[in-house]
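Bear in mind that the values here come from a model prediction, so they are computed numbers and not experimental data. Reminder, nothing fancy here: chain letters follow the sequence lines and each chain counts from 1.
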2 protein chains.
Amino acid sequence: MGKEITIYDIAGQLQISPATVSRALNDHPAINVKTKALINAKAEELGYRSNKFASNLRKQKTNTIGVIVPRLNSYIMSTVLAGMEKIANEEGFNLIISQSLESQKKEIANTKTMFSSRVDGLLVSVAFDTDSFEHFQPFIKRKIPLIFFDRILENSNCPAIVIDNIKAGYDATSHLIKQGRHTILHITGNLKRNVYADRLKGYQQALTEYNIPYNQDFVWETDLSLETGKEVAQRIVSLKTLPDALFIASDLCAVSCITTLKELNINIPKDISVVGFNNDPVSQVIAPKLTTIHYPAKEMGEIAIKSMINHLKGNLDLDAASAITLHSELMIRESGIS
Amino acid sequence: MGKEITIYDIAGQLQISPATVSRALNDHPAINVKTKALINAKAEELGYRSNKFASNLRKQKTNTIGVIVPRLNSYIMSTVLAGMEKIANEEGFNLIISQSLESQKKEIANTKTMFSSRVDGLLVSVAFDTDSFEHFQPFIKRKIPLIFFDRILENSNCPAIVIDNIKAGYDATSHLIKQGRHTILHITGNLKRNVYADRLKGYQQALTEYNIPYNQDFVWETDLSLETGKEVAQRIVSLKTLPDALFIASDLCAVSCITTLKELNINIPKDISVVGFNNDPVSQVIAPKLTTIHYPAKEMGEIAIKSMINHLKGNLDLDAASAITLHSELMIRESGIS
DNA sequence: TTCAAAAATGCAATCGGTTGCAAAATCGAA
DNA sequence: TTCGATTTTGCAACCGATTGCATTTTTGAA
């Protein structure tokens, strides 16, 4: 009943040296093809499985990539992770995934764990409140590749994979303006984070371009949760004058807001047009269907992990690919049309 | 610049043996308190981090738990995983997550990877088409704990964490019946899988209880996707006589179906009542709000991983907890009320 | 047949902790 | 002060694969 087979067992039975067995199993060119066949057959027969710890210990590599995300269970993040896992799996890498739950403190703890787990590389999308780069320094010092995606740390001088948030914000806003809307409320997340700051920039750019004055009171910084969507709706109807459009930086929040507004007898999009963000499946099943920005989440995951793996394999210098910006796209549906 | 510190470095500087250092760092009782303090201080000073491979190699443990799920990016699964990650993280375990993408073939490959990665334990929710236990045998043989959750392999004789799918199916169906509905269409997934087979059983039980004849044509086996929701709606309106209720085993599919039905001028819930499954956030933002079964996904993740960890720590015998059934709950909202 | 070049294989050290057992140091009672 | 009991510490052998270098075997041209 199952004591492990090692290369020594194979070597012993075949009367050859463990070194040859090791090389054969790794398809080393200096080993005779017949010998390789023999060894592989015997390994198969004995049910050999390589001991990764011995191998890692010797090679000082883990074949494991760490991923830290704010949360696992959002449509965007789980889709990004799905993309990452698919490629990593195909390329023979393992993924260790952990979530910061939007807390810098937990992010720091996770970073330490990743570090002492000796991941070969680390992919990070930072928490809402992360404002320090300190906890990533050990990776820099040991030259362990570090790539940010989606929510990045801009002053970090690390490679980053992002979408064109400014353009996305611009597209969303100018679409609303073209529909004849002028008082556009922008509901967004923590403006410390690039994703929200940039969307705001795009929003401002569009206003400027169409000579609409920017009003700071029209930008609401929230946590973009479902509950927030409800509260926003209630707060909107209590305003002296209703806005005629909303640009909300998350579909789920937007949808929750729309639902509540409808309950409060506001007609969407007639009274208030809405544009969301992410192209969450929910955007297609709500009435009216939500105009939104398509977020290429799967592609982002794939590209991020590919960059990492290419770098680890020495195929690609990370600095050369220092900032990859993916294209997002406005999906025009009913909610944004007057 | 960064060559690794080992216990030998610490031992050298302190003029003591590496064995003592190792024991001190692991808080071994035989080591003098003062010595421990000395060693810990020095370790801190030098920026020592333990080499897990050396440790794993010697201890034959990895502190890593493998998880295989059909897909990462569904509401239920990402929530289950979020629960697992949280606990694992707190307990100092790493999670290696991979997805089978509903293919037994990929599931087998992932199982092999997990096996050769030498995970300490494996948590699995099987793919749509998995019909063999073969690929899990290596785990059984080596006595590596294996726990199934949600989608389980019933003849496997392995511990399993599930919800009471039969009761859930019963609750959903009898609720519809109590609303005066009699021709209840059941849209479900692959009936090979316990989750769908059991919900069907519950559906049948409810019919029987209320003396409604069971009609096999009223059970549609699908992939429960968004597209399927649309198709189902179209197929329904083309029926000679409309059903007066739907019990759909996934909220996302249900919501997509409702949306399409509404476009086809069917009134929900007046013409057709609908009950979904999962209590996906989307169920609260659609109009009408979806009556559904709350799925305790986070709890399931937490309990599954806790069982595993307890077992690994020797606190709990797995067989003793051989089948944990979590309670699900009918969430009555608008769509199921006539 | 001979011998240098090329191909294939083996030796032995190494990666960094862990742990059974032996040895040393300390303690305490007589 | 002495000596057995108790605490602490050290020795050295692992865990299993990898790899630089040396050695052996094979190949093929002279």
If I take atom [atom1] in residue [X] and atom [atom2] in nucleotide [N], what distance separates them, rounded to the nearest angstrom?
| X | N | atom1 | atom2 | answer |
| --- | --- | --- | --- | --- |
| B:Asn32 | D:dT6 | CG | P | 18 Å |
| B:Arg23 | D:dT7 | CZ | P | 16 Å |
| A:His28 | D:dT19 | NE2 | C1' | 8 Å |
| B:Phe53 | D:dC14 | CZ | C1' | 19 Å |
| A:Asp27 | D:dT19 | CG | P | 14 Å |
| B:Ile31 | D:dT6 | CD1 | P | 19 Å |
| A:Ile39 | D:dA17 | CD1 | C1' | 14 Å |
| A:Asn51 | D:dT18 | CG | P | 10 Å |

- At under 4.0 Å, does any side-chain N or O of A:Tyr48 touch on OP1 or OP2 of D:dA17? yes

- Item | Phosphate contact (D:dG16 OP1 or OP2) by B:Gln60 side-chain N/O below 4.0 Å | yes

- Could you check A:Asp9 against A:Tyr48 for side chain to side chain donor-acceptor pair (under 3.5 Å), going step by step and ending with a plain yes or no? CA-CA 9 Å; A:Asp9 299 321; A:Tyr48 168 80; over 6 Å; no

I need the [X] [atom1] to [Y] [atom2] distance, nearest 0.5 Å.
| X | Y | atom1 | atom2 | value |
| --- | --- | --- | --- | --- |
| A:Ile161 | A:Ser307 | CD1 | OG | 4.0 Å |
| B:Arg118 | A:Ser50 | CZ | OG | 7.0 Å |
| A:Ile303 | A:Ile87 | CD1 | CD1 | 9.5 Å |

- Query: Do you know which two heavy atoms are closest between B:Pro145 and B:Leu312, and how far apart they sit?
  - Reply: CG-CD2, 3.7 Å

- Message: Which is more 5' along DNA chain D, the nucleotide nearest A:Arg49 or the one nearest B:Thr35? Just name the residue.
- Response: B:Thr35

Looking at [Y] and [X], is any side-chain nitrogen of the basic one under 4.0 Å from a carboxylate oxygen of the acidic one?
| X | Y | result |
| --- | --- | --- |
| A:Lys192 | A:Asp129 | no |
| A:Arg151 | A:Glu102 | yes |
| B:Glu4 | B:Arg49 | yes |

- Are B:Phe139 and B:Phe136 close enough that their ring centres sit under 6.0 Å apart? no

- What residues 13-22 of chain B contributes to the DNA chain D interface at heavy-atom separation below 4.0 Å is B:Ile16, B:Ser17, B:Ala19, B:Thr20

- Item | Polar contact flag, side-chain donor to acceptor under 3.5 angstrom, B:Thr62-B:Asn56 | no

- So, A:Arg23 side chain and A:Pro29 main chain: donor-acceptor pair closer than 3.5 Å or not? no

- Message: Would the distance check show the side chain of A:Thr6 and the main-chain N or O of A:Tyr8 forming a donor-acceptor pair, the cut-off being under 3.5 Å?
- Response: yes

- Message: With heavy atoms of chain A within less than 4.0 Å as the criterion, where does contact along DNA chain C begin and end?
- Response: C:dA8 to C:dG16

- Query: For the helix from C:dT1-D:dA30 to C:dA30-D:dT1, what is the angle between the axes at its two ends, each from 5 pairs, rounded to 10°?
  - Reply: 40°

- Message: Regarding B:Asn26, tell me which of base, sugar-phosphate or nothing describes its non-hydrogen contacts under 4.0 Å with the strands shown.
- Response: sugar-phosphate

